[in-house]
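Note that the structure is a prediction, hence the values are computed from the model and not measured. Order of the sequence lines sets the chain letters (A, B, ...), proteins ahead of strands, with each chain counted from 1.
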Amino acid sequence: MIRMTEPSKITSQSVPDHQPAAGGIAARARASVGPQYLSGLNPEQREAVETLDGPVLVLAGAGTGKTRVLTTRIAHILSQGRARPSEILSVTFTNKAAREMKHRLGQMLGHAVEGMPWLGTFHSIGGRILRTHAELAQLKSNFTVLDVDDQVRLLKQLLQADNIDDKRWPARMLAGLIDGWKNRGLTPSQVPSGEAAVFANGKGGKLYASYQERLKILNAADFGDLLLEDIRIFREHPDILRQYQQRFKFILVDEYQDTNVAQYLWLRLLSQAPTSFASPRVRGEVGSPGSAIARPSDPGEGDSQQAELVEAAPHPDLLSVSEARRDPASGEKEQTRHVKNICCVGDDDQSIYGWRGAEVDNILRFDHDFPGAKVIRLERNYRSTGHILAAASHLIAHNEGRLGKTLRTEDQDGEKVTVTGSWDSEEEARGIGEEIEQIQRQGDKLNEIAILVRASYQMREFEDRFVTLGLPYRVIGGPRFYERAEIRDALAYLRVINSPADDLAFERIVNTPKRGLGDATVQMLHDHARKRRIPLFEAARAVVETDELKPKARGSLRDVVAQFDRWRAQREVTSHTELAEIVLDESGYTEMWQKDRSADAAGRLENLKELVRSMEEFENLQGFLEHISLVMDRDSGADEDAVSLMTLHSAKGLEFDNVFLPGWEEGLFPSQRTLDEQGRAGLEEERRLGHVGLTRARRRAKIYFATNRRIHGTWSTTIPSRFLDELPAANVEITESKGGSAWGGTGGYGASRFDDMEAFGSTYSTPGWQRAQANRNRGGGGGGNGGRGSFEEQASSFSSQSSSPDFGSFSSRRRGPLTIEGELVAKSTGTTSEFSLSDRVFHQKFGYGRVTKIDGNKLTIAFDKAGEKKVVDSFVQRA
DNA sequence: GCATGTGACATTTTT
DNA sequence: TGTCACATGC
């Protein structure tokens, strides 16, 4: 799997990163919790583990064993007797990371993990703290955590109530703004008025305030509140803060580069050593809405933001904070004398969530925020071969705002990173498909192959291709489990049972499945509820006693109310899992999906079962609902051998032997939109994304760019990404597109295109091309003016030759047999298909259809919804 | 209240 | 191009 030059260290070093060492570390650690667990560490890792006192920043480059350091550090703290498990606060961003840490700790320590109650995500721990002190945030401890969808629906109602045109001012936008404010630690009164004014002609701030009010009435909190309300409580109740400060002897933070301001503040408050007296400083001195402060990296925007902030929001917290940030002498030293043992692990070069509020600044300024901090760099990479690492390092070196690390490996050079140009995105997909088959023939597992795209719309082409090839693939990412409609519906039923005041949940399911209770009815209920200041459910109960509704709706609504009353009664005598089954059944919800003929109905029913199954892990309905929105993960389902298809973002933290990186073109990657919106900072983040992509690869990294890409239906000509020029020539090899050669042969297209392929290879790094880029960057993407450089002129002349290079026009020019499809048929065609013409079939992705043509094991199927597709017969089943 | 048509719109997404 | 949200018509 991993080849390195020092065999003796290989196992000890790299195995825990990939699989449990058979009876190794875990067993030894259990036998005697001695220093054995330290033995496999390199000197830097060891230092990161053993430096227990004071603030520590571990800059852990990609593949340098960051999780290992974190878990070993915890083991070390415990084995040294410096703290009990319940005295260690250990936060991650994702449930996956938290689980991974628990798992590894379990291996090292046996059962001690059970006693690590404070290892979890920021939000789950924040939520836990908030539930403990809910009343201080005007909530009950059983408050509901709203997801984005609920959030938006709630905001929509507020907009309507305020007569704001939600076409012009979409609720989603407001949700984004509020989220952003919360990410920055700003309560409604703290939002700079300039910013609050950008929405709906100055109503933004007021809407934020009324949104918060509504949340309290609904006994609900959104994700942002889980941290922001903690911060507020900590600030307003120093005694409570002190309690936590005393409890947590050690704090560990994973992926520190991804923390936002709120998370920073939260950590910062908790990381101060408890003072014996209520500190008069706690309020003013701690914390900083850092993003409101100028980033050193983008002067223009930052300055104005800061000016605006200071001028517009003379909130004591903000002012003292910005001063503290700017002037290290102002009280900060004093304060940090009391900073306790906090260890943050992260990699500024992998900060790719700036657009979501992550502050690279947090990591860049760590030693400023925590003076006296020890900074330890992990630079030895145990993952990638030399060429890959060199390419990634060289690329990221073009960024200016970074702390700087030099990754090194003792691995061999391996294969060079390849860069391949294709005529268009279809050819790119064909070429990659072919290379994957080749890799597969060499005996590599499909599980060790990943395609990492910048934007999810790129996936489609690959999916189509893989479906025709019969190549198993899985898409990673997409909607999370609890975000799926069927799960949210089911949860809504349970929420209404658990908390009759949950109007959002009630509204969601009152007419799902359809019961003839449409907008008019719901509107009526709303009026009633508002007039009498009661929840919707109670309004419904009252309204069915009147004759305000038509008989049909009235009966229907009466049934709903009666059902919920019954279910609530049953709750006392039935287990929560059973209750869930009863509810889904009696409500007609399950039946609704059983009747549904669309392709994903079966999957939805499966998800519902999975939901009920997952409830067993919780003691009761209440406990389940409290955690569901925070800990429910999408199912990974990595058991079968398949190629992974995902965005660069979701690839962070993963690794594969073979990594394909398509779509390295200006506009797509780096994304034009990011460039437009974030300027240079955006470009650097895109570059980090490229760095993340490359460093996912262990043995092979392959980059692609196409000259023509279809974006939203129309073909447009693109130019290769500037990042290609930033790769080091010595570690990169320019290759030809395999997909292109499939047409090989004679005649106009194939030949000229092939020539052009070579032109790509040699042209994209010429001075002319460089100049073209420089012009483009300066000139801001106008139409085809002169002086653009040879490459694009060449490219656009191609596009005029073929205004629409779609599959049809190509295949009609095709001469010889097409090897890709030929091979496919030949491979498994010995068996004739078990299907016959006009058979009714079902396909996972396309749904139901009828077979219209049979060619060996290859079927042409006219799908009811998806139209005509060619599909390998093993992918469909009889309907 | 529901099915069908029409227009706007299109990154990345831990919790 | 394809999806999704809304509006119109039955």
Side-chain angles (χ1 to χ4, degrees), chain A residues 91-99 120-127 145-148 151-152 156 166-167 170-172 176 179 182-183 221-227 254-255 257-260 262-263 351-358 425 452-461 464 476-483 511 513-522 550 552-553 556 627-634 646-653 663 667-678 682 685-686 688-689 692-693 709-716 804 806 865-867:
Chain A
V91 280
T92 63
F93 275 82
T94 64
N95 292 307
K96 199 178 155 197
R99 268 201 309 272
T121 63
F122 272 103
H123 289 89
S124 65
I125 291 174
V145 179
L146 297 189
D147 56 42
V148 193
Q151 219 178 327
V152 170
K156 230 176 221 169
D166 85 339
K167 272 259 165 58
R172 271 197 183 281
D179 229 47
K182 290 189 174 179
N183 283 160
D222 62 21
F223 284 122
D225 287 338
L226 299 181
L227 293 162
D254 189 19
E255 305 277 19
Q257 78 283 354
D258 287 339
T259 50
N260 60 36
Q263 286 154 342
S351 163
I352 55 176
Y353 284 112
W355 51 274
R356 208 168 48 190
S425 43
L452 311 183
V453 296
R454 176 62 181 84
S456 42
Y457 67 77
Q458 292 173 260
M459 292 186 188
R460 216 202 150 91
E461 227 135 5
D464 285 351
I476 295 182
R480 262 154 300 295
F481 186 74
Y482 63 84
E483 271 172 17
N511 198 32
K514 301 264 186 286
R515 300 186 175 95
L517 300 170
D519 290 349
T521 312
V522 173
K550 287 184 195 146
K552 215 175 133 195
S556 198
H627 288 281
I628 182 66
S629 48
L630 296 177
V631 299
M632 216 38 196
D633 250 359
R634 58 193 151 206
M646 69 188 96
T647 63
L648 286 162
H649 283 91
S650 33
K652 197 172 80 162
L668 176 57
F669 184 56
S671 148
Q672 190 57 49
R673 194 152 156 185
T674 301
L675 263 37
D676 291 345
E677 287 168 10
Q678 314 284 336
E685 184 154 310
E686 294 285 301
R688 291 194 288 267
L689 209 42
V692 166
R709 189 167 292 274
R710 191 166 37 190
I711 301 167
H712 316 319
T714 36
W715 286 94
S716 49
S804 170
D806 58 50
K865 292 198 173 141

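Judged by centroid separation below 5.5 Å and plane tilt below 30°, W355(A) stacks onto the base of dT12(B).
Rounded to an integer number of Å, the gap from CZ of R688(A) to P of dT12(B) is 18 Å. In this structure, the NE2 atom of H649(A) is 16 Å from the C1' atom of dT15(B), given to the nearest Å. Straight-line distance from the NZ atom of K550(A) to the P atom of dG1(B): 6 Å, rounded to whole Å. What separates CD1 of I628(A) from P of dT15(B) is a distance of 12 Å, to the nearest Å. The nearest whole Å value for the distance from the CZ atom in R356(A) to the C1' atom in dT13(B) is 5 Å. Taking atom CZ of R454(A) as the reference point, atom C1' of dT12(B) lies 5 Å away to the nearest angstrom. Remark: P of dT12(B) and CG of L648(A) are 11 Å apart, rounded to the nearest angstrom. Atoms CG (D147(A)) and C1' (dT13(B)) sit 13 Å apart, rounded to a whole Å.
Spacing between dT12(B) and dA5(C) at atom P, rounded to whole Å, works out to 16 Å.
Residues satisfying the ring-ring contact (aromatic ring centres under 6.0 Å, His included) test with F93(A), not counting sequence neighbours, are F122(A). The side chain to side chain contact (heavy atoms under 4.5 Å, CB included) check on T121(A) picks up T92(A), N95(A), H123(A), S124(A), with sequence neighbours excluded. Every residue meeting the side chain to side chain contact (heavy atoms under 4.5 Å, CB included) condition with A455(A), not counting sequence neighbours, appears here in chain and number order: Y457(A), Q458(A), L668(A). Every residue was checked against the salt bridge (charged side-chain N to carboxylate O under 4.0 Å, His left out) condition with D166(A), not counting sequence neighbours, and none meets it. By the side-chain hydrogen bond (donor to acceptor under 3.5 Å, both in side chains) test, R709(A) pairs with E428(A), E665(A), sequence neighbours left out. The side chain to side chain contact (heavy atoms under 4.5 Å, CB included) check on N260(A) picks up N183(A), A262(A), Q263(A), with sequence neighbours excluded. Under the salt bridge (charged side-chain N to carboxylate O under 4.0 Å, His left out) criterion, E685(A) pairs with R688(A), sequence neighbours left out. In this structure, the side chain to side chain contact (heavy atoms under 4.5 Å, CB included) partners of P513(A), at least two apart in sequence or on a different chain, are Y493(A), R515(A), Y589(A), M592(A). For R673(A), the salt bridge (charged side-chain N to carboxylate O under 4.0 Å, His left out) partners two or more places apart in sequence, or in a different chain, are E677(A).
Stretches of at least 3 consecutive Watson-Crick or G-U wobble pairs, with each checked distance under 3.5 Å, appear in DNA chain C as B:1-10 with C:1-10.
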Practice item. Would you mind building the protein contact string for nucleotides 2-10 of chain B? One character per nucleotide, 5' to 3', B for base within reach (heavy atoms under 4.0 Å), S for sugar-phosphate only, - for untouched. Key: S-------B
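The side chain of A520(A) lies closest to dG1(B) when the candidates are dT15(B), dT12(B), dG1(B).
Nucleic acid contact class of E483(A) (heavy atoms, under 4.0 Å, all strands): base.
Distance CG/D147(A) to CG/L630(A): 11.0 Å, rounded to 0.5 Å. Atom-to-atom distance recorded for Q151(A):CD and D179(A):CG is 5.5 Å, nearest 0.5 angstrom. To the nearest 0.5 angstrom, I352(A) atom CD1 is 7.0 Å from D258(A) atom CG.
Counting 5' to 3', DNA chain C first comes under 4.0 angstrom of a heavy atom of chain A and last does so at the ends given by dT1(C) to dC6(C).
A close approach under 4.0 Å does occur between a side-chain nitrogen or oxygen of T647(A) and OP1 or OP2 of dT13(B). The shortest distance between the side-chain N/O atoms of S456(A) and the OP1/OP2 oxygens of dT12(B) is below 4.0 Å.
The nearest heavy atom of DNA chain B to T121(A) and to E685(A) marks one nucleotide each, and the one closer to the 5' end goes with E685(A). Taking for each of F122(A) and Y457(A) the nucleotide of DNA chain B with the nearest heavy atom, the 5'-most of the two is the partner of Y457(A).
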